[in-house]
Amino acid sequence: MKTTRRRVLQSGALLPAGAAAAKKAPAISAITPSPLYAKLGIKPVINGVGVVTVLGGSIMPPEVVQAMEEASRYFIPLPELQKKVGARIAELLKAPAAMVTCGAASAISVGTSACLSQGDPAKLRRLPHRDGIRYEVIQQKTHRSGYEHQMESCGAKIVTVETRRELESAINERTGMLFFLNKADPNGQIKMEEFIKIGKERGIPTMNDAASDATPAANLWKYTEMGFDLVIFSGGKALRGPQASGLLLGRKDLIEAALPAMSPYGGIGRGMKVGKEEMCGLLAAVERYVKVDHEAEWRDVESRVASIRKALDGVSGLQTDRHIPVIANEVPHVTVEWDESKRGLTAQQVHEKLQAGDPPIHVQRPGTGKLLISVWMMRGEEAKIVGKRLREIFGA
Ligand SMILES: *Cc1c(COP(=O)(O)O)cnc(C)c1O
């Protein structure tokens, strides 16, 4: 067949690579066949839970995949790459310094190791042993995150306090770090500014775990600018970087102390490896995130919320609402509520029916007669499918 100019244009051969890919790329969703997962006997699901590790985090945009692919083709001095990528991310996120970790949980570990060893290589080598180490980490009772093991496995002993007075008297010569769980700020007696101030006055570094809190995007620099010495974000959540990546941002001396606390260096963090692909992928994700049109993305999320609510409109005994969580995962969700005894249908049963369908649908079940649906990670027709299936389950 003769190749005409028109055919070449249609095939996208004359378009820049990105434009051609955007034109041709099908809207991938849970209903797009995946030979890879089919071969493994894994059924892709509609993610109505949000950015969670157990469902695969988030979906990387093409520019992130492309960066990982290019990174994968070369050998490079890895510690040098980590420093260059860190410097670039720090610049983009207005932080004094930054490094890529293999997740937010790993950032908690290497950040804690840096605070406990205070930049002393001999102390770092001794972790998790406590001799000569400032091993106590103070945390408010309401700020328990479930990630305490990440500090304890580095040798930390968690000291729990509730009031400002308790915090001030708990600080002593063994205190190495003050831990703050960003999303717990409304629940704690000691608020963010006060917590930072106490850390500064007493010369103890403060760490803020904001893993799920990169919405709005300005949060990525807000907490370092407020004065937290270390701030943590997941790479595979809102940022849509590689699932196995995370960010540790903060004070230059602490990031320098944290680098040797992780692979490729031996010791406490050797098991936390970050590959060249994750480093370059996360950098590409940060570059995208700081310039992407968040308002357009927000409008897409709103339209998916509206689509599910509309599908359930008029189903008797069912109330739907639009819900935006405070701080973590701060994007519109859908709540569905009903009286279980009146409908003869429990949230557990609805949940099971959703998961048993094709494609399976995963949502949150926060209580009796209640579903919480995150539409954030839904693509293509997925929100429509969810609305239709719920309507069927509720017998409408
Ligand atoms: C998700 C999360 C983590 C863990 O993040 P990973 O990137 O999966 O390691 C830690 N802390 C909080 C508050 C989180 O929400």
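In each ligand, atom 1 is the first atom listed, and ligand 1 is the first ligand listed. Every value quoted in this text rests on a predicted model; they were computed, and no experiment measured them.
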Rounded at 0.5 Å granularity, tell me how far CG in L178 sits from CE in M207. 11.0 Å
Charged N-O contact under 4.0 Å between D229 and K200: yes
Charged N-O contact under 4.0 Å between E256 and K252: no
If you group Ile, Leu, Val, Met, Phe, Trp and Tyr whenever their side-chain heavy atoms sit less than 4.5 Å apart, what else falls in with M60? V64, V65, M68
Connecting only ILVMFWY residues whose side-chain heavy atoms lie within less than 4.5 Å of each other, what is the rest of L55's hydrophobic cluster? V45, V49, V52, V54
Taking any residue with a non-hydrogen atom under 4.0 angstrom from an atom of ligand 1, which ones do you get? T53, G103, A104, A105, Y147, L181, D209, A211, S212, S234, K237
Among all residues two or more places apart in sequence or in another chain, which pass the salt bridge (Lys or Arg N to Asp or Glu O under 4.0 Å) test with E152? none
